[in-house]
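Below: one structure, written as structure tokens.
Letters A, B, ... are given to chains in the order of the sequence lines, protein chains preceding strands, and every chain is numbered from 1. No experiment lies behind these values; they were computed from the predicted model shown.
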There are 2 protein chains.
Amino acid sequence: MIVPPKNSSETNREYAFRVISENIISLEIEPGSMIGEQEIATALGLSRTPVHEAFLELSKSKILDILPQKGCLVSMIDSDLIREARFLRITVETALVEDACELAKEEDLRELDDNLALQEFYLSKDADKLLALDNEFHKLIYRICNKMQCYYMVSLMSMHFDRVRSLSLHSVKDLKIVSDHRAIFDAIKKKDPAAARAAFQKHMARFDLDWNIISREYKQYISDNSK
Amino acid sequence: MIVPPKNSSETNREYAFRVISENIISLEIEPGSMIGEQEIATALGLSRTPVHEAFLELSKSKILDILPQKGCLVSMIDSDLIREARFLRITVETALVEDACELAKEEDLRELDDNLALQEFYLSKDADKLLALDNEFHKLIYRICNKMQCYYMVSLMSMHFDRVRSLSLHSVKDLKIVSDHRAIFDAIKKKDPAAARAAFQKHMARFDLDWNIISREYKQYISDNSK
DNA sequence: TATTTTTAACTAGCATACAAGTTAGAAAAA
DNA sequence: TTTTTCTAACTTGTATGCTAGTTAAAAATA
């Protein structure tokens, strides 16, 4: 497990949640593996309590399955849960990009534009940085629409989806993702909800094609009930 | 605080979460009041630990604001968070009722129909029972579409909305709510997504009108940043 | 009396200890 | 050898005590 230093502003519980989340999403902790509270607590230099609380939160999104008195199972890649996460993101964010056409102020547009400039700069240079900018772009849409609580809920479920996305980093064309973002931005700037909706749905559709490839290529991580 | 008996199948943590949730939604615990872990633990006959964990989960939806070393503030009625909850429910469930038109099997339709029959039976007889049946009706839609994880996420946020709904029980016309449900059901049965969408949006629109009435009538519970 | 300082009683975060249930392997019995 | 029983080492759930920080009222000072 990769253990980054603790940020001084976060509590031990938040630190534990952040580190475990990152390690699960990056597949550093493998799907289907068992992790114990004590084991993680020792690795992070904490007691069981904050780790236990982080585990509880992770279990709410079913990314971690707590088996009382047995242990904690890092969930296998589950197509049903990925479908739910995709459904939630697409449904919510499609509605948001339409609303953003009305709500986006000049400063919001500038922030989106700055983010896109960075995406274009890091394109084919730093995949991790690009992924972070991608997440930031989507988060900005929520902020423009004053829907940060929805962002938290969607993010929690998206962990299933994010884990697959990191698997597919090499097969997805970063170039197209960034140009998709540009198209969404242009539609918001032009205050054209129909175009924004269309551009967003085209964007999200790209992650559909990957699933078939991934499910064949990484089947050791795919849960049984996935087809 | 109303303390129902502990269900033998639930853990102390789940029990604490259920009891506190019910008391907050029913306004038995007033918006803006402070509650302590020890106080609730004593009332429920538990130690602080499971109550602490229940508080953490409640704080995730911002229905409870944990102020470290100070106490826990039961959130005031917040129009922004209600708007988010409404937005999430309307957006997600509008998409679901469309999908349900394809996905609903004969048995699903029968379950919806049974639920509706009970709603019609309890109409103007038992408001609490009707509310429970309403919740069950919406939950069935999620189950038909295999989106129970989304249901959990939406439910958590809906607490803000549910708290207002209980305030508005007398002003909302139960008769219309039940006939709305019937219209949604008919559309799903006829496999008509456009009609289902329209019926659902008409249904949810009813809760818009109430807000203005409630915000004037119960202003002692409304947070400052609400307009 | 008015203002500052102190103190004692709170709070939640966290560490630790124990309780209760599971599991795998050793030991005993067939 | 094979099967069964037992035991010891695990697991998470929960209780308890301690820590650090906040608050409000009492006490000291002006």
Side-chain angles (χ1 to χ4, degrees), chain A residues 1 3-21 23-24 29-76, chain B residues 1 3-21 23-24 29-76:
Chain A
M1 189 171 67
V3 181
K6 182 171 174 293
N7 187 325
S8 61
S9 66
E10 67 195 349
T11 64
N12 289 347
R13 179 194 336 128
E14 290 163 342
Y15 174 55
F17 180 80
R18 177 170 65 86
V19 175
I20 301 164
S21 297
N23 278 278
I24 289 177
I29 297 178
E30 292 189 17
S33 64
M34 296 287 287
I35 56 177
E37 292 176 355
Q38 187 59 65
E39 166 196 355
I40 303 295
T42 303
L44 269 60
L46 304 170
S47 79
R48 273 184 58 216
T49 302
V51 174
H52 175 69
E53 291 166 355
F55 274 29
L56 283 176
E57 188 175 350
L58 287 164
S59 75
K60 293 302 170 188
S61 66
K62 288 204 165 63
I63 199 73
L64 190 65
D65 191 10
I66 300 177
L67 309 170
Q69 276 76 46
K70 281 195 265 191
C72 299
L73 178 69
V74 177
S75 76
M76 297 287 268
Chain B
M1 189 172 67
V3 181
K6 182 171 174 293
N7 187 323
S8 61
S9 67
E10 65 194 351
T11 64
N12 289 347
R13 179 193 337 129
E14 290 163 342
Y15 174 54
F17 181 81
R18 177 170 65 85
V19 175
I20 302 164
S21 297
N23 278 278
I24 289 177
I29 298 178
E30 292 188 17
S33 64
M34 297 287 287
I35 55 177
E37 292 177 354
Q38 187 60 63
E39 166 197 356
I40 303 293
T42 303
L44 268 60
L46 303 171
S47 77
R48 275 182 55 215
T49 303
V51 175
H52 175 70
E53 291 167 354
F55 275 28
L56 283 176
E57 187 174 350
L58 288 164
S59 74
K60 292 303 168 187
S61 66
K62 288 204 164 65
I63 199 71
L64 190 65
D65 190 10
I66 300 177
L67 309 169
Q69 277 77 45
K70 281 197 264 191
C72 299
L73 177 69
V74 178
S75 76
M76 296 288 268

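- With a heavy-atom cut-off of 4.0 Å to chain A, the contacted part of DNA chain D has its first and last nucleotide at D:dT11 to D:dT14.
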Pair up each side-chain donor or acceptor in residues 60-67 of chain B with any protein partner under 3.5 Å, not counting sequence neighbours, and list the distances.
residue	atom	partner	partner atom	Å
B:Lys60	NZ	A:Glu57	OE1	3.2
B:Ser61	OG	B:Leu58	O	3.1
B:Lys62	NZ	A:Gln149	OE1	3.2

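- Of the inter-residue distances, the one linking B:Leu56 atom CG with B:Cys72 atom SG reads 9.0 Å to the nearest 0.5 angstrom.
- Taking each heavy atom of A:Arg13 and A:Ala54 in turn, the nearest pair found is O-CB, 4.1 Å.
- With a 4.5 Å cut-off on side-chain heavy atoms, A:Lys6 and A:Val19 do not count as touching.
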Where along nucleotides 9-19 of chain C does protein come under 4.0 Å, by heavy atom, of base (B) or sugar-phosphate alone (S), with - for untouched nucleotides?
--BBBBBBB--
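- We find the CG-OG distance between B:Leu73 and B:Ser59 to be 12.0 Å, quoted to the nearest 0.5 Å.
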For the pair A:Val3 and A:Tyr15, evaluate side-chain contact (heavy atoms from CB on, under 4.5 Å) and give the outcome as yes or no after the intermediate values.
CA-CA 10 Å; A:Val3 181; A:Tyr15 174 55; 3.4 Å; yes
Determine, step by step, whether A:Met1 and A:Ile35 satisfy the side-chain contact (heavy atoms from CB on, under 4.5 Å) criterion, reporting the C-alpha distance in whole Å, the side-chain angles of both residues, the deciding distance to 0.1 Å, and the verdict.
CA-CA 11 Å; A:Met1 189 171 67; A:Ile35 56 177; over 6 Å; no
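- Inter-axis angle, ends of the helix from C:dT1-D:dA30 to C:dA30-D:dT1, five pairs per end, rounded to 10 degrees: 30°.
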Give every donor-acceptor pair under 3.5 Å between a side-chain atom in residues 36-45 of chain B and any protein atom, sequence neighbours left out.
residue	atom	partner	partner atom	Å
B:Glu37	OE1	B:Arg48	NE	3.0
B:Glu37	OE1	B:Arg48	NH2	2.9
B:Glu37	OE2	B:His52	ND1	2.5
B:Gln38	NE2	B:Thr42	OG1	3.2
B:Glu39	OE1	B:Gly36	N	2.9
B:Thr42	OG1	B:Gln38	O	2.8

Any protein N or O atoms within reach of nucleotides 6-8 of chain C? Criterion: under 3.5 Å, listing atom names and distances.
none

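- By the 4.5 Å heavy-atom criterion applied to side chains, B:Glu14 and B:Ser9 are not counted as neighbours.
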